[in-house]
Each structure stands twice: as C-alpha cells, then as structure tokens.
Participant: 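Handing you a structure now.
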Amino acid sequence: MEEGIKEIDLPGREQDHMEKFPETGEGGRAACSLQEEIARVFSGKKQDIRTYSPLTLAYVGDAVYDLIIRTAVVGRANRPANDLHHITVKYVSAPAQAKMVQALSGHFSEEEESVYRRGRNAKPHTMAKNASVSDYLKATGFEAVLGYLYLTGRMDRVLFLVKEGIRLAGLEPI
C-alpha cells in the first residue's frame, strides 16, 4: 500500500472496491475544501471558470449561499424544521440578498464587481414570485459572485461577503 494512504472498509462494499483516503498526522482525513472533495469523488471535465455563464455561476452561488445560511441557522439551535425554515427565509430571499448587495457596495474587488454586473445583467428565464425584478437581478448578481468565488476556491472570501453583507444590511446576525 502507498505510504500516507489508508484503506477504509466501508459497509456494503466489496473488499477490492475499498476507498483510499490520504492519512493526516492524526489518522483522520486530510484537510481539503468541499469543492476539491467533490471534484475528487465526481471527476469531470476541467473547464476555465471564466467561461461559465453568469447564470451558471448564480446557480452554484445560490446553493452555496443557501448552505451557508442553513448551516449557520442550524448551528444556533436544534429546532423543528419549520422553525428553521422561517428563520432561513429571512436571509435566503431576493429582497434580503439585494439589501446585502447594496450594503456591500464598494466592498467588491474589480473582478467581483465584473462578475456581479454580468450576473445582474443576465436574462434569467424565471423570476422570483415574491420579489421585484430589480431585487431579483441584484440577488442573481450576488449569487454569481458567490458561485465564482466558490468555484475558484475562495470560500474565505464567500464567507466574509455573506457575514459582512448581513451585518452591513442590518439583518439580524446569525
């Protein structure tokens, strides 16, 4: 067996199909980003992120943003799912995201501002039922930035923008 590789016996798996995971100094999993782990497990075609459409970036950014908010809300307390949903909706909505983007004005890098404009100016095929067109487009731009940052491995920046956006927009801290 290769040095630094540990075989893990997974229930229901044949012995010759065992997963191999890099060992850390303490015998656990080696640290890597969620995106790196997904790419490792579900290998796909390598593509230049800059060629992705703004709506593709927003599609990924929407999921990343939703996961951040849900994780933060669940981290506050173990509550019934309906209560968790009501808290989450305060943050995961086009009006809340539009408010965050306006509050973050001047905090985006040139690169992020460019991605934001592309996302905001994209022509989505659907619109949110509980949001103005303006709020929906701003939210789409914000999600495009988050998707771009996630796909380029900059989760620290994603988390900073989400937390700072919530703070600057005057939304209740999570």
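In this chain, numbering begins with 1 at the start of the sequence shown.
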Participant: Under 4.0 Å between a Lys/Arg side-chain N and an Asp/Glu carboxylate O for Arg40 and Glu36?
Facilitator: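 Salt bridge: no.
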Participant: Are Met100 and Ile166 packed together at the side-chain level, in the sense that at least one heavy-atom pair is separated by less than 4.5 angstrom?
Facilitator: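 In short, these two side chains touch, coming nearer than 4.5 Å.
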Participant: Rounded to the nearest 0.5 Å, what's the gap from CG on Asn78 to CG on Leu84? Could you check?
Facilitator: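 So the gap between those two atoms works out to 7.5 Å.
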Participant: Compare every heavy atom of Ala103 with every heavy atom of Gly165, then report the nearest pair and how far apart it is.
Facilitator: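 Closest approach of Gly165 to Ala103: O-CB, 4.5 Å.
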Participant: Please set out all donor-acceptor pairs under 3.5 angstrom arising from side-chain atoms of residues 150-163, sequence neighbours excluded.
Facilitator:
| residue | atom | partner | partner atom | Å |
| --- | --- | --- | --- | --- |
| Thr152 | OG1 | Tyr148 | O | 2.9 |
| Thr152 | OG1 | Leu149 | O | 3.1 |
| Thr152 | OG1 | Arg154 | NE | 3.1 |
| Thr152 | OG1 | Arg154 | NH2 | 3.2 |
| Arg154 | NH1 | Glu111 | OE1 | 3.1 |
| Arg154 | NH2 | Glu111 | OE1 | 3.4 |
| Arg154 | NH2 | Glu111 | OE2 | 3.4 |
| Arg157 | NE | Glu112 | OE1 | 3.4 |
| Arg157 | NE | Glu112 | OE2 | 2.8 |
| Arg157 | NH2 | His107 | O | 2.6 |
| Arg157 | NH2 | Glu112 | OE1 | 2.9 |

Participant: Examine Ile68 and Ile38 and state if one hydrophobic cluster contains both, with Ile, Leu, Val, Met, Phe, Trp and Tyr joined whenever side-chain heavy atoms are less than 4.5 Å apart.
Facilitator: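 Hydrophobic grouping puts Ile68 with Ile38.
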Participant: Val89 and Ile174: same hydrophobic cluster, using ILVMFWY side-chain contacts below 4.5 Å?
Facilitator: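 In one cluster with Val89: Ile174, no.
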Participant: Answer yes or no: is there a donor N or O on one side and an acceptor on the other, between the side chain of Ser114 and the main chain of Glu110, under 3.5 Å?
Facilitator: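 No; judged by distance alone, with no hydrogens or angles, the pair does not exist.
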Participant: What salt bridge (Lys or Arg N to Asp or Glu O under 4.0 Å) pairs are there with at least one residue in residues 165-174, not counting sequence neighbours?
Facilitator: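 Salt bridge (Lys or Arg N to Asp or Glu O under 4.0 Å) check on residues 165-174 returns Arg76-Glu172, Glu164-Arg167.
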Participant: Shortest non-hydrogen contact from Ala58 to Thr140?
Facilitator: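 Smallest heavy-atom distance, with atoms named: CB-O, 3.6 Å.
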Participant: Side-chain heavy atoms nearer than 4.5 Å, only ILVMFWY residues, links allowed to pass through others: does that put Tyr136 and Leu55 together?
Facilitator: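 No, Tyr136 and Leu55 fall in different hydrophobic clusters.
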Participant: May I have all residue pairs that pass side chain to side chain donor-acceptor pair (under 3.5 Å) and include part of residues 89-105, sequence neighbours excluded?
Facilitator: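 Pairs touching residues 89-105 that pass the test: Gln97-Glu143.
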Participant: To the closest 0.5 Å, what do you measure between CZ (Arg70) and OG1 (Thr88)?
Facilitator: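 It comes to 6.0 Å.
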Participant: Is Asn121 reaching over with its side chain to a backbone N or O of Arg117, donor-acceptor style, under 3.5 angstrom?
Facilitator: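 Indeed, once roles are kept as given, a pair shorter than 3.5 Å links the two residues.
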Participant: Would Leu67 end up clustered with Leu171 when hydrophobic side chains under 4.5 Å apart are linked, directly or stepwise?
Facilitator: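 Yes, it is one cluster - the side chains of Leu67 and Leu171 are joined through contacts under 4.5 Å.
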Participant: When you group the ILVMFWY residues by side-chain heavy-atom contacts below 4.5 Å and let the links chain together, are Val145 and Tyr52 in the same group?
Facilitator: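 Yes; Val145 is reachable from Tyr52 via cluster members.
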Participant: Looking at Pro54 and Ala122, what are the two nearest heavy atoms and their distance?
Facilitator: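 That closest heavy-atom pairing would be CG-CB, 4.0 Å.
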Participant: Please work out which of the three classes, parallel, tilted or perpendicular, describes the rings of Tyr116 and Phe108, given edges at 30° and 60°.
Facilitator: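 Judged by the thresholds at 30° and 60°, the geometry between Phe108 and Tyr116 is tilted.
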